[in-house]
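Scroll down for the structure; my scribbles are underneath it.
Whatever order the structure lists ligands and atoms in, that order sets their numbers, starting from 1. This chain uses plain numbering: 1 for the first residue, then up along the sequence.
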Amino acid sequence: MKALVTGFDAFAGLPFNPSEEILKSLRRHPPNDLFDLIEFSVLPTSYAGVDNWLERSLDLTLDADLILMLGLSVSTDRLKLERFAINVADCGVADNRGEVRSGVAIVDGGPRAYGTSVNLERVGAQLAVAGIPYCVSNNAGDYVCNYIYYRVLRRLDEVASTAKALFVHIPWAYPVTIQEHFDLPQRDRHLAAIGKLLLACRMYLDEC
Ligand code: PCA
């Protein structure tokens, strides 16, 4: 099975983006037992950067069984499995090219929202077994993460692809309370959580 995994670089003045760190580590230690990884991309946190990546990666997105997109949410302390992407960019925070989009449709005339075809409850159940804190979220925000999610889901819909796409927001840090499960530095906790997420996705795909 082929997976394409993306993350984003630091944005809004934050010192780094854990999703970028995760991607770098996956590149060094690819989970070959779970997926043939066709690409790990760290994307610039900008609307235009996402557009450029999609342009370049058209074939890759169509070739993948799983497109797993990762990004940081500063307001969560657990993995957030995102169910929907909405057709609007509407965030006061400038992207890394200085662009602010307020109330702008992502695709003119496109559906108001797309939903992932991944069964989040089933993926979540596997995460729970592995002791990974997570929640299912119905709101991926209105910034660049929602933007890439909408654009990828739209592309898959347009070509009637059977590939599964999922956006997961990751926390800045996992709470101390899970330290008993993860007696590890934050960086390694992130890697452990994403390792279990990839495993959960693989198990889910095997069942489909
Ligand atoms: N998080 C931002 C954009 C990049 C990232 O990692 C978001 O939630 O939209």
Side-chain angles (χ1 to χ4, degrees), residues 3-27 39-57 61 66-107 110 112-116 118 120 132-155 165-174 186-187 189-191 193-195 197-198 201:
L4 189 162
V5 187
T6 67
F8 282 108
D9 66 1
F11 62 100
L14 293 168
F16 66 96
N17 189 328
S19 69
E20 177 169 9
E21 307 296 308
I22 288 166
L23 265 286
K24 284 183 183 161
S25 172
L26 283 176
R27 244 185 232 139
E39 192 176 86
F40 295 115
S41 298
V42 178
L43 310 185
T45 301
S46 68
Y47 302 105
V50 169
D51 293 342
N52 291 340
W53 174 76
L54 274 166
E55 197 91 347
R56 285 197 320 271
S57 305
T61 52
L66 173 72
I67 302 170
L68 178 64
M69 294 157 278
L70 304 174
L72 169 68
S73 167
V74 288
S75 59
T76 185
D77 63 358
R78 58 201 60 222
L79 294 183
K80 263 175 87 196
L81 312 183
E82 302 292 356
R83 201 188 305 275
F84 297 110
I86 56 172
N87 189 13
V88 66
D90 192 22
C91 184
V93 178
D95 74 7
N96 284 354
R97 290 165 64 119
E99 193 183 345
V100 176
R101 293 197 184 180
S102 299
V104 182
I106 294 172
V107 176
R112 303 293 292 265
Y114 280 108
T116 178
V118 173
L120 301 183
I132 305 298
Y134 81 96
C135 64
V136 171
S137 159
N138 295 317
N139 181 356
D142 45 24
Y143 190 42
V144 179
C145 290
N146 174 69
Y147 185 78
I148 189 173
Y149 203 14
Y150 188 92
R151 294 223 44 203
V152 166
L153 288 173
R154 179 172 176 83
R155 165 164 296 167
L166 173 61
F167 195 98
V168 177
H169 270 114
I170 61 173
W172 182 248
Y174 291 91
Q186 286 296 345
R187 193 160 177 270
R189 287 188 213 178
H190 276 299
L191 292 178
I194 298 307
L197 175 64
L198 284 166
C201 288

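- Here the protein heavy atom with the shortest distance to atom 8 (O) of ligand 1 is H169 NE2, 2.8 Å.
- Ranking the protein heavy atoms by distance from atom 1 (N) of ligand 1 puts L72 O, 2.9 Å first.
- Residues I148 and L43 come closest through the heavy atom pair CD1-CD1, 3.3 Å.
- The one candidate from L166, L54, T116, L4 that meets the side-chain contact (heavy atoms from CB on, under 4.5 Å) condition with V152 is L54.
- Taking atom 9 (O) of ligand 1 as the reference point, the nearest protein heavy-atom neighbour is C145 N, 2.9 Å.
- Atoms of ligand 1 lying under 4.0 Å from any heavy atom of G71, numbered from 1 in the order shown and given with element: 6 (O).
- Short contacts between ligand 1 and T45, defined as distances under 4.0 Å to a heavy atom of the residue, involve ligand atoms 3 (C), 4 (C).
- S19 pairs with exactly one of I170, T6, I194, V42 by the side-chain contact (heavy atoms from CB on, under 4.5 Å) rule, that one being I170.
- Here Y114 and F84 keep their ring centres 6.0 angstrom or further from each other.
- The single protein non-hydrogen atom nearest to atom 5 (C) of ligand 1 is F11 CE2, 3.3 Å, given as residue, atom name and distance.
- In N17, the part holding a heavy atom less than 4.0 Å from any atom of ligand 1 is the side chain.
- Within ligand 1, counting atoms from 1 as listed, the ones closer than 4.0 Å to a heavy atom of Y143 are 2 (C), 3 (C), 7 (C), 9 (O).
- The closest donor-acceptor contact from the side chain of N17 to the backbone of D9 lies under 3.5 Å.
- Look at D51 and R151 and you find a salt bridge, because one of the NZ, NE, NH1 or NH2 atoms lies within 4.0 Å of a carboxylate O, short of that distance.
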